[in-house]
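Each chain gets a letter, A, B and so on, in the order the sequences are listed, and its residues count up from 1.
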There are 2 protein chains.
Amino acid sequence: MKVTITDIAKDTGLALSTISRYLNHKKVQPENQVLIEASIKKLGYTPNRIAQGLRSKSSRSVALLIPFYSNYFWGHSVSYVTSALWEKGYTCTVHTYLPETDKQLKTIQLLISKKIGGVIAVSGSLSQEALNRLEDNGVPIVLLDQVLSSLSVDYVTSDNYQGGYMAGSYLAGKGHKKIGFIASEPGTYTICQRTRGFLDALQDHQIPSIPQYYSYQTSAYPAAEAQLQHLLSLKEPPTALFFCYYESCLSGISELAKYNISVPEKISIIGFDDDPLFSSLAPSITVIAQDFLTIGKEATKILLSRISGEDSSPGKKVLVPVRLIERESVAAI
Amino acid sequence: MKVTITDIAKDTGLALSTISRYLNHKKVQPENQVLIEASIKKLGYTPNRIAQGLRSKSSRSVALLIPFYSNYFWGHSVSYVTSALWEKGYTCTVHTYLPETDKQLKTIQLLISKKIGGVIAVSGSLSQEALNRLEDNGVPIVLLDQVLSSLSVDYVTSDNYQGGYMAGSYLAGKGHKKIGFIASEPGTYTICQRTRGFLDALQDHQIPSIPQYYSYQTSAYPAAEAQLQHLLSLKEPPTALFFCYYESCLSGISELAKYNISVPEKISIIGFDDDPLFSSLAPSITVIAQDFLTIGKEATKILLSRISGEDSSPGKKVLVPVRLIERESVAAI
DNA sequence: CTGAAAGCGCTTACAG
DNA sequence: CTGAAAGCGCTTACAG
């Protein structure tokens, strides 16, 4: 049933090593090549990658690690990475991880057992210990999204600062002076960058900073609604709002709809991260969009150059530009 | 650097086979077990799954195949399947496929090369040839979503008939008599089932069938909008609408918003498949929701029983119940 | 360019 | 329960 390289050798009368050489695209006499190709077709031979991997000690497989709670945007990066690597003969497994270090280590351990060639991870709550385990085993790592200071691995992340700056500039350019800002998770790298960019933009546009307009909270989802209600209840409520992460924008939209506050007549809004539905809503939502495809592309490129060993420079950091998608949710004042 | 089973054997003074037996959870003298465990910890040994796979001829890996254009709902099934299989020591790769048969075959070929243990596929436009190739190589297959008549593989799919019936009954129960229906892709198994269920429900509720209210089209996205406009322009437009697939519901919502047709006052709507945003919209959207998690769970269970060989019965078909999520988009008349 | 031989890290009969 | 030996399907120096 199973036809192996040995069968091809017997069938052609050539040595095992000659067949192997042909399979690995090394020089073979033209007449032998013809012989081998005919035999492969005749017998229906398929190389056994498991055996190849064992012998050559390269599994041609990489793993993608995504935090469990992660939003589905990363799907775009995942899709790109998976198919790009597949094209190169690599197999790509996707794993969601939980915050618990011991569970992460279990996953990492299995990956090492399977002789994984490299890892691309959405950093999120990936523990230092898990990353170290990977490093200790010589597995190249590319981290996406959050930048964790202490490691010397490669990073690919959106230019979050630029995104915040664009949002601020855009609203200012539309004549808004009273601009609210809704963030959370203050410790996070991405949120910090967006905040910094946003505030810098306002400053560059000579818009006075009004502390009440900027709300950060530590807790999760419901928070954004509370923040929004607070902002709207001010004596002089803002005329425009920057939702600096996806979930806040989502709850913001529904909150505004619930209270029948018309956008953009009553208040203008701009979000961070795009949703397929945002363009279908009335009004459609203006956002800063991350380029997840390019993130995936850059990450793949770096990882492959690390796996092949052609790049052994210290960890690098690639910033991928974001872009403003102008729709209907911001009015000029 | 790399520590192997041989190192453990040397370190403990036991035979290779004894270590192997321990690793495979077979009986070993208690004192040897202690010895082995200590040595494994001391040397930091990790089994090489590649070598195990080669020797034991089971790779403990399965592949998930998803059509490229597929909506992201399947992500829920994918997540479940991936982590459930991972728990069992299986590695799970996800692959999106294009409609072209030759490309599908290339993917399948690599999977076979990697000695894949089984496949779970969202059937979509998976070609007969690709499926045959898998079958010829003895790879167990579980198909999701569309039922393709000719194969004797396992199926796990939502009870689409029930879903259509529930939608029809619900609208009828709310007093609607003039009920529109928006479908497309008439050849599709799922759409056919939903349509049948829906029409049966109307009949069971003595609601006369008005042909103009039922629109099927062959083309894609823009079609739903055209269909909707047609329905609304009728002299006696329907008072309720069933969008029988996700994309039609999406474009329906935005179309209705665009023309300022208030839901549910002017017209009631119910969709098929739920979107996270549907509960945030004003009004929130009532839908028939598929249970993608259970679909993943069933598929995993069947596949594992096929791989282990404990189930060799002919292909079975599992219907997973759907459920109605009642929200605000349907008014009582 | 080609062939004979060794070996990747395991598992699996086969004796004991 | 344990050990010695063969072998999974390949690749890789080593001679020629």
Side-chain angles (χ1 to χ4, degrees), chain A residues 1-37 39-40 43-61 89 91 109-110 112-117 137-138, chain B residues 1-37 39-40 43-61 89 91 109-110 112-117 137-138:
Chain A
M1 173 73 224
K2 285 291 152 217
V3 17
T4 74
I5 205 178
T6 313
D7 298 318
I8 304 296
K10 274 186 195 138
D11 187 53
T12 55
L14 294 167
L16 264 180
S17 39
T18 307
I19 317 297
S20 173
R21 251 171 241 122
Y22 166 80
L23 292 173
N24 291 288
H25 307 106
K26 288 173 187 160
K27 274 271 152 296
V28 169
Q29 296 275 47
E31 61 252 45
N32 288 340
Q33 174 163 346
V34 175
L35 232 61
I36 295 172
E37 279 166 359
S39 178
I40 286 179
L43 302 181
Y45 168 72
T46 308
N48 181 330
R49 303 268 170 181
I50 302 284
Q52 290 180 328
L54 175 59
R55 191 51 239 256
S56 62
K57 293 171 167 297
S58 91
S59 69
R60 278 176 126 25
S61 70
T91 271
Q109 204 52 49
L110 225 190
I112 292 171
S113 277
K114 296 235 181 188
K115 301 298 159 192
I116 201 77
N137 282 272
Chain B
M1 173 75 226
K2 286 291 151 219
V3 17
T4 73
I5 205 179
T6 313
D7 298 317
I8 304 295
K10 273 186 196 139
D11 187 53
T12 56
L14 295 167
L16 263 182
S17 38
T18 308
I19 317 297
S20 174
R21 250 171 242 123
Y22 166 80
L23 293 172
N24 290 289
H25 307 106
K26 287 172 190 161
K27 276 270 151 296
V28 169
Q29 296 275 47
E31 62 249 44
N32 288 338
Q33 175 163 346
V34 174
L35 232 61
I36 295 172
E37 279 167 359
S39 178
I40 286 179
L43 302 180
Y45 167 72
T46 308
N48 181 331
R49 304 266 170 180
I50 303 284
Q52 291 179 327
L54 175 59
R55 191 50 238 260
S56 62
K57 291 171 170 299
S58 91
S59 69
R60 279 176 125 20
S61 70
T91 271
Q109 204 53 48
L110 225 190
I112 293 170
S113 276
K114 296 234 180 188
K115 302 298 162 192
I116 200 78
N137 283 272

Item to check | Distance, rounded to the nearest Å, where Ile50(A) contributes CD1 and dG7(D) contributes P | outcome: 21 Å
Checklist entry - Counting side-chain heavy atoms from C-beta on, which of dG3(C), dT12(C), dT11(D) comes nearest to Ser20(A)? => result dT11(D)
Checklist entry - Think Asn32(A) has a side-chain N or O under 4.0 angstrom from the OP1 or OP2 of dC1(C)? => result no
Checklist outcome for this item: Heavy-atom closest pair (Lys114(B) atom, Ser61(B) atom, distance to 0.1 Å) is O-OG, 4.5 Å
Item to check | Given dC10(D), dT2(C), dG3(D), the nucleotide with the shortest approach to the side chain of Gln29(A) | outcome: dT2(C)
Checklist entry - Could you state the NZ-P distance from Lys27(A) to dT12(D), rounded to the nearest angstrom? => result 17 Å
Next on the checklist: Using a 4.0 Å heavy-atom cut-off, does Tyr22(A) contact any base of the nucleic acid, only the sugar-phosphate backbone, or nothing at all?
Outcome noted: nothing
Item to check | dA4(C): pairing nucleotide in any strand, Watson-Crick or G-U under 3.5 angstrom | outcome: none
Checklist entry - Within this structure, what is the CD1-to-C1' distance between Ile5(B) and dT2(D), rounded to whole angstrom? => result 14 Å
Checklist outcome for this item: Walking DNA chain D from its 5' end, the first of Arg55(A) and Arg21(B) to be reached, judged by nearest nucleotide, is Arg21(B)
Item to check | Under 3.5 Å on both distances, the Watson-Crick or G-U partner of dA13(C) | outcome: none
Checklist entry - Picking from Leu23(A), Ile19(A), Ile5(A), what satisfies side chain to side chain contact (heavy atoms under 4.5 Å, CB included) with Ile40(A)? => result Leu23(A)
Checklist entry - His25(B) has an atom NE2; how far is it from atom P of dT11(C), in whole Å? => result 11 Å
Item to check | Upstream residue (5' side of DNA chain C) when Leu16(A) and Glu31(A) are each assigned their closest nucleotide | outcome: Glu31(A)
Next on the checklist: Just the rounded figure in Å: distance from C1' of dT11(D) to CZ of Arg49(A).
Outcome noted: 14 Å
Item to check | Given dG9(D), dC10(C), dC10(D), the nucleotide with the shortest approach to the side chain of Leu54(B) | outcome: dG9(D)
Next on the checklist: At less than 4.0 Å, is any side-chain N or O atom of Thr18(A) found next to OP1 or OP2 of dG3(C)? Yes or no.
Outcome noted: yes
Next on the checklist: Using whole Å, what does the distance between atom C1' of nucleotide dC1(C) and atom CG of Leu14(A) come to?
Outcome noted: 11 Å
Checklist entry - Shortest non-hydrogen contact from Pro47(B) to Ser113(A)? => result O-OG, 3.2 Å
Checklist outcome for this item: Taking every heavy atom of Gln33(B) against every heavy atom of Val28(B), the minimum-distance pair comes out as N-CG1, 3.9 Å
Checklist entry - Which nucleotide sits closest to the side chain of Ala51(A): dT12(C), dG9(D), dG9(C)? => result dG9(D)
Next on the checklist: Nearest to the side chain of Gln52(B), heavy atoms from C-beta on, is which of dG3(C), dT11(D), dT11(C)?
Outcome noted: dT11(C)
Checklist entry - How many Å lie between NZ on Lys115(A) and P on dC8(C), as a whole number? => result 13 Å
Checklist entry - Between Lys57(A) and dG7(C), does any side-chain N or O lie under 4.0 Å from OP1 or OP2? => result no
Checklist entry - Can you tell me if Asn24(B) uses its side chain to pair, donor with acceptor, with the backbone of Ser20(B) under 3.5 Å? => result yes
Checklist entry - Taking CD1 from Ile19(B) and C1' from dT11(C), how many angstroms apart are they, rounded to a whole number? => result 13 Å
Checklist entry - Using a cut-off of 4.0 Å on non-hydrogen atoms, how would the nucleic acid contact of Thr46(B) be classed: base, sugar-phosphate, or nothing? => result sugar-phosphate
Item to check | Considering all heavy atoms, the nearest Ser39(A)-Ile8(A) contact | outcome: OG-CD1, 3.7 Å
Item to check | Nucleotide of dT11(D), dC10(C), dG9(D) approaching Asn48(B) most closely (side-chain heavy atoms) | outcome: dC10(C)
Next on the checklist: Using a 4.0 Å heavy-atom cut-off, does Ser17(B) contact any base of the nucleic acid, only the sugar-phosphate backbone, or nothing at all?
Outcome noted: base
